[in-house]
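For ligands, and for the atoms within them, numbers begin at 1 and follow the listed sequence.
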Amino acid sequence: MKSSINTNRRDFIRTGSLSAAVLLLSSKLSALAVPGKKLGVALVGLGGYSSGQLAPALQHTNNCYLAGIVTGTPAKATEWAHKYNIAPKNIYNYQNFDAIAGNKDIDIVYVVLPVSMHKEYTIRAARAGKHVICEKPMALNAADCREMIAACKKANRLLSIGYRLHFEPHTQEVMRLGQKHVFGKVTKIDTGNGFVYNGDPNAWRLKKALSGGGGLMDMGIYAIQGSRYTLGQEPVAVKATQQKTRPDFFKEVDETIFWELKFPGGAKVTGKSSYNDNWGYLNVEAEKGKFALEPAYGYGGLDGTINGKPMKIPNIIQQAAQMDDFAICVKLNKQSRVPGEEGLKDMKVVDAIYRSLDSGKWESVG
Ligand code: NAD
């Protein structure tokens, strides 16, 4: 059944397979190698995202490579060791994970687990002396994000969130157009992200204790990000409503949520997230022009328009660019452009959206 959700996600998120041409282009666009050895990355959790995206992307990186794995399933360990030539001493399980501290092959631990486990494994990895990439959403709530940031600071390790779109050229163009007021100030944003979830009803994504929530935590986080990086501002308040058409299936987590965000610049910003609708768009209106992305948030190729004309921007392997950039940050000891603080900013908005659903009122963000 797990493959069913992954297939659904793939069908939605990917809009086509990466062709040889895209791969070639992508390798030209990915980060140049910075002097020094390639850094070793250990993936923690070998589920859909690690196996379908991160491990393949690590075959296209210039500054880091897949050196280790952490898995609770011995059969996966054997399969991955063979497929990716991983040394037996670089294979861990959840019980002996802390022994990774003594392993000089591993520089970066990448946490790709259910959301409820992000905090624990980020903190354990930092305490083991490793730099950390943690998948989105960063944690169950903003308070946990703060603990993770503090633990990495205390251990003097860098922390980054798996926000691959910050390295993606269509997204970077939207950031430029919006933040630099290329068509004047942004006046209106409407964005949505979601897919129709028909997977395993017992999967962690539908268990509140493991996921923290449904469509909002998983997909809405991108739409929140989209509004924030288009404007380059932080929202101050939010009002949200929700809809559940399949309450028997989404027993514990949200299905569809609609929100309005108040930003200091006064732009009218609406967003929505869903486990019951296929959305993935970002529409932006400015004083003297408009621009849009659709698909806006996936990794199978983004597309966009500026004043109705195609952007004509190449697609890249986002995860390769993202991991290469973090490896460079580690080599140069500089903060990632998507540090833990960036994950915290989104979780403050998520927390406020859930508070607004409870209160039925506008709630301030953090
Ligand atoms: P998945 O269910 O396919 O994989 C989860 C992995 O965690 C599995 O290998 C599973 O065995 C392991 N695991 C360990 N303990 C577990 C437990 N107690 N319960 C359930 N699983 C347990 O999930 P996924 O799609 O790979 O997602 C993992 C993380 O990656 C999530 O945080 C998700 O939001 C994120 N993700 C990010 C993107 C992106 O585009 N950045 C895409 C997909 C997933």
Q. For ligand 1, is any non-hydrogen atom under 4.0 Å from Val112's backbone (N, CA, C, O), its side chain (CB onward), both, or neither?
A. both
(Q) Between ligand 1 and Leu210, is the shortest N or O to N or O distance under 3.5 Å? (A) no
(Q) Give the atom numbers and elements of ligand 1 that come within less than 4.0 Å of a heavy atom of His118. (A) 32 (O)
Q | Check: Tyr94 N/O within less than 3.5 Å of ligand 1 N/O | A | no
Q: Decide whether the shortest distance between a heavy atom of Met117 and an atom of ligand 1 is less than 4.0 Å.
A: yes
Q.
Taking a cutoff of less than 4.0 Å between a non-hydrogen atom of the residue and any ligand atom, is Gln53 in contact with ligand 1?
A. no
**Q.** Derivation and outcome, side chain to side chain donor-acceptor pair (under 3.5 Å), residues Tyr299 and Glu168
**A.** CA-CA 9 Å; Tyr299 43 72; Glu168 195 284 324; over 6 Å; no
Q.
Quick check on contacts: which atoms of ligand 1 are under 4.0 angstrom from a heavy atom of Lys76?
A. 9 (O), 11 (O)
Q: Flag Val115 as yes when one of its N or O atoms lies below 3.5 Å from any N or O atom of ligand 1, and as no otherwise.
A: no
Q: Count the heavy atoms belonging to other residues, nucleotides or ligands that lie under 6.0 Å from CZ of Arg355, then report whether that count exceeds 12.
A: yes
Q) Can a salt bridge be assigned to the pair Asp105 and Lys89 using a cut-off of 4.0 Å between side-chain N and carboxylate O? A) yes
Q: Return the minimal non-hydrogen interatomic distance between Cys329 and Ser336, and the atom names on each side.
A: SG-CA, 3.7 Å
Q: Tell me, please: is Pro114 in heavy-atom contact with ligand 1, that is, under 4.0 Å?
A: yes
Q: Mind checking whether Tyr222 contacts ligand 1 via backbone (N, CA, C, O), side chain (CB onward), both or neither, at a 4.0 Å heavy-atom cut-off?
A: side chain
Q: Please verify whether a non-hydrogen atom of Arg205 lies at under 4.0 Å from ligand 1.
A: yes
Q: Number the atoms of ligand 1 from 1 as they appear, then name those within less than 4.0 Å of a heavy atom of Lys136, with their elements.
A: 31 (C), 32 (O), 33 (C), 34 (O), 35 (C), 37 (C), 41 (N)
Q. Is a donor on one side and an acceptor on the other found under 3.5 Å between the side chain of His118 and the backbone of Cys134?
A. no
Q) Against heavy atoms of Gly162, which atoms of ligand 1 measure under 4.0 Å? A) 41 (N)
Q: Considering only NZ, NE, NH1 and NH2 on the basic side and carboxylate oxygens on the acidic side, decide whether Glu285 and Lys268 come within less than 4.0 Å.
A: no
Q: Just jot down the ligand 1 atoms closer than 4.0 angstrom to any heavy atom of Tyr299, in number order.
A: 40 (O)
Q. Considering residues at least two apart in sequence or located in another chain, which fulfil the ring pair (Phe, Tyr, Trp, His ring centres under 6.0 Å) criterion with Phe97?
A. Tyr121
Q: Could you tell me whether Asp346 and Lys136 have a side-chain N and a carboxylate O separated by less than 4.0 Å?
A: no
**Q.** For Asp303, all residues meeting salt bridge (Lys or Arg N to Asp or Glu O under 4.0 Å), sequence neighbours excluded
**A.** none
**Q.** Part of Arg164 with heavy atoms under 4.0 Å of ligand 1, whether side chain, backbone, both or neither
**A.** side chain
**Q.** Region of Tyr49 engaging ligand 1 - heavy atom pairs below 4.0 Å
**A.** both
Q) Taking the inter-plane angle between the rings of Phe291 and Phe183 on a 0 to 90° scale, is it parallel (under 30°), tilted (30 to 60°) or perpendicular (over 60°)? A) tilted
Q. Have Gln225 and Tyr297 got a donor and an acceptor in their side chains that come within less than 3.5 Å?
A. no
Q.
Tell me whether Leu113 has any N or O atom under 3.5 angstrom from an N or O of ligand 1.
A. yes
Q: Please determine if Trp204 has a nitrogen or oxygen closer than 3.5 Å to a nitrogen or oxygen of ligand 1.
A: yes
